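Here, residue 1 is the first one in the sequence, and each next residue gets the next number. Treat the numbers as computed from the prediction; the structure is a model and nothing was measured.
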Amino acid sequence: MSMLTNTLGRYFAGRFVVAALGVFGGIFLLLVLVDYIEMVRKTSGLASASAIMVAETSLFRVPQLLEKLTPFCMLIGAMTCYLALSRRLELVVARAAGISAWQFISPALGSALLIGVIATIAYNPMSANLRELSKRMEAELFGSAPGGGIQDASGFWLNQVTSDGQTIINAARSEQQGIRLTGLTLFRFDQDQHFKERVEAREATLDAGRWLFKGVRRFSLDGPPIDQATLEIPTTLTEAQVRNSFSTPETVSFWQLPSYIRSSESSGFATAGYRLQYQKLLAQPFLLVAMVMLAASVSLRFFRMGGVQKMVLSGVGAGFLLYVLSKVTEDLSKAELMHPIAAAWLPVVVGGLTGFLALLYQEDG
């Protein structure tokens with residue numbers, strides 16, 4: 001019986017991993033295709049944009065988008081796996097051999113936990129690094145375009161006040177958590193808050209006590225535009241202050257989050273979003289386990305008993321409700337109305353207990 005259980009466990013684990021990776025790969029290809037089409041549309045007027053570079057940019061952007069969909073990949077993969085096993089009556093044979101439902105879902109739970117650990121410690125840093133690389137490639141694509149390339153309605157804004165006056169900086173894109181900016185527009189005022197000039201620049205880098213702008217064009221009220229190769233503007237901003245303004249928690253990798261939280265705290269900045277992101281990454285393996293529990297609770301019914309459509313819809317609905325709960329707790333945590341630990345782990349507890357109680361009722365009720 002022990003040998004039979006181990007063999008079946010490896011078989012069920014393999015089927016689950018194949019199904020989950022298949023869903024993951026399918027969604028990845030779909031996102032790459034959609035993002036590539038959008039990038040082609042945006043770069044259609046740029047002569048310097050090659051098809052290979054546009055494809056690489058899209059390819060490097062997608063992993064971070066797909067990271068948010070990993071729980072749904074686990075949910076759909078587990079449902080697909082168990083419905084396929086039920087359709088071929090393999091679950092019936094397993095039950096006839098004396099294997100309980102808890103025994104043939106435990107391999108999938110262990111596999112989901114392992115996948116979650118890998119996603120946290122390896123996939124997350126990789127996706128964050130690829131996102132930074134995609135930003136650098138976007139800067140190369142759009143850096144020579146008029147106005148700094150494609151820019152949304154707001155972009156990134158930064159305000160600094162020095163002995164020379166006030167400078168308002170708007171950047172279309174940021175890299176390295178705000179240390180390097182591209183597609184810039186500056187509005188400079190003197191000490192009496194009188195407008196001095198508007199400056200457009202291709203890129204800027206934060207050095208010790210200064211911003212170094214490159215590819216500069218200066219516009220003033222009493223003269224024609226002036227082109228300059230570089231322009232230095234003094235600043236009192238530190239790297240920690242700039243990162244707090246430009247970076248988002250999703251762009252910081254798992255291994256960098258603890259030091260980033262400590263440096264932000266020492267600078268007096270709010271760290272609720274970064275603490276939440278760190279706790280969410282810690283809870284991610286258990287969230288994937290909870291998704292498998294939910295999928296198993298709606299997918300272990302025998303295929304010939306009917307009601308497959310209702311099972312699939314109920315599983316998708318449960319996953320959607322869990323996603324809504326996670327977004328509500330995330331917003332509450334960012335507004336500092338809920339502790340980050342509670343916000344990150346509450347969806348895990350709710351999803352896991354719901355699946356566990358449903359399975360307990362079906363198998364032992």
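Once rounded to the nearest 0.5 Å, the distance linking OG1 of Thr236 with CD of Gln160 reads 6.5 Å. Distance CD1/Ile27 to CG/Leu65: 12.0 Å, rounded to 0.5 Å. Arg198 contributes atom CZ, which lies 11.5 Å from atom CG of Asn170 (distance to the nearest 0.5 angstrom). Between Glu232 atom CD and Leu212 atom CG the span is 5.5 Å, to the nearest 0.5 Å. Taken to the nearest 0.5 Å, the OG1 atom of Thr329 stands 10.5 Å off from the NZ atom of Lys334. In this structure, CG in Leu276 is found 11.0 Å from NE2 in His339, a value given to the nearest 0.5 Å.
Two residues are said to be in side-chain contact when any heavy atoms from C-beta on lie closer than 4.5 Å; Val252 and Gln277 fail this criterion. Contact check for Leu85 versus Tyr11: side-chain heavy atoms found under the 4.5 Å cut-off. Leu31 places a side-chain heavy atom less than 4.5 Å from the side chain of Leu69. The shortest side-chain heavy-atom distance between Tyr123 and Leu66 falls under the 4.5 Å cut-off. Between Leu231 and Arg218 the shortest side-chain heavy-atom distance falls below 4.5 Å. Looking at heavy atoms from C-beta onward, Gln228 lies out of side-chain contact with Phe213 at the 4.5 angstrom threshold. Two residues are said to be in side-chain contact when any heavy atoms from C-beta on lie closer than 4.5 Å; Thr120 and Leu282 fail this criterion. Proximity of Trp211 to Leu186: side-chain heavy atoms (C-beta onward) are nowhere separated by under 4.5 Å.
Looking only at distances, a side-chain donor or acceptor of Ser111 sits under 3.5 Å from a matching main-chain atom of Pro107. Between the side chain of Ser134 and the main chain of Arg131, a donor-acceptor pair closer than 3.5 Å is present. The closest donor-acceptor contact from the side chain of Ser333 to the backbone of Glu330 lies at 3.5 Å or more, if one exists at all. In terms of modelled atom types and a separation under 3.5 Å, the side chain of Asp192 and the main chain of His194 share no donor-acceptor contact.
Val289 is not connected to Ile118 by any chain of hydrophobic side-chain contacts under 4.5 Å among Ile, Leu, Val, Met, Phe, Trp and Tyr, and they are in different clusters. A single hydrophobic cluster is not seen to contain both Met338 and Tyr278; linkage of ILVMFWY side chains at heavy-atom distances under 4.5 Å, directly or through other members, places them apart. Residues Val161 and Phe187 are members of separate hydrophobic clusters, defined by side-chain heavy-atom contacts under 4.5 angstrom among Ile, Leu, Val, Met, Phe, Trp and Tyr. Residues Leu360 and Met291 share a single hydrophobic cluster, defined by chaining ILVMFWY side chains whose heavy atoms lie under 4.5 Å apart. Hydrophobic clustering (ILVMFWY, side-chain heavy atoms < 4.5 Å, transitive): Phe28 and Val23 are in one cluster.
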Could you go through the side-chain contact (heavy atoms from CB on, under 4.5 Å) check for Leu288 and Val292 one step at a time? CA-CA 6 Å; Leu288 300 188; Val292 174; 5.8 Å; no
Problem set entry | Derivation and outcome, side-chain contact (heavy atoms from CB on, under 4.5 Å), residues Thr43 and Thr57 | CA-CA 11 Å; Thr43 58; Thr57 305; over 6 Å; no
Practice task
For side-chain contact (heavy atoms from CB on, under 4.5 Å), just list the numbers for Gln284 and Leu281, CA-CA rounded to whole Å, side-chain angles, deciding distance to a tenth of an Å, and then say yes or no.
Solution key: CA-CA 5 Å; Gln284 184 171 234; Leu281 290 174; 4.3 Å; yes
Where do Ile121 and Trp255 land on the side-chain contact (heavy atoms from CB on, under 4.5 Å) test, with the steps shown first? CA-CA 8 Å; Ile121 66 175; Trp255 300 109; 3.7 Å; yes
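In this structure, Trp345 and Phe286 have tilted ring planes: the angle between them lies in the 30° to 60° band.
Considering every non-hydrogen atom in both Ser127 and Glu67, the closest pair reads OG-OE1, 3.2 Å. Of all non-hydrogen atoms in Met39 and Val54, the two that sit nearest each other are CB-CG1, 3.6 Å. Nearest approach of Ile341 to Gln279, heavy atoms of both residues: CG1-CD, 3.7 Å. The minimum heavy-atom distance linking Pro347 with Leu325 is given by the pair CA-CD2, 4.0 Å. Smallest separation of non-hydrogen atoms from Leu75 and Gly319: CD2-CA, 3.8 Å. Contact record, Gln64 with Ala128: NE2-CA, 4.2 Å, taken as the closest heavy-atom pair.
Annotation: side chain to side chain contact (heavy atoms under 4.5 Å, CB included) contacts of Leu287 (sequence neighbours excluded): Pro71, Leu322, Val348. Scanning for ring pair (Phe, Tyr, Trp, His ring centres under 6.0 Å) contacts around Phe320 gives an empty result, with sequence neighbours left out.
For Tyr323, the OH atom is loosely surrounded, since the number of other residues' heavy atoms within 6.0 Å does not exceed 12. Heavy atoms from other residues, nucleotides or ligands lying under 6.0 Å from NZ of Lys196 number more than 12.
Ion pair Arg188/Glu197 flagged as a salt bridge, since at least one NZ, NE, NH1 or NH2 atom sits closer than 4.0 Å to an Asp/Glu carboxylate oxygen.
Applying the side chain to side chain donor-acceptor pair (under 3.5 Å) definition to pairs two or more places apart or across chains, those involving residues 19-36 are Asp35-Ser58, Asp35-Arg61.
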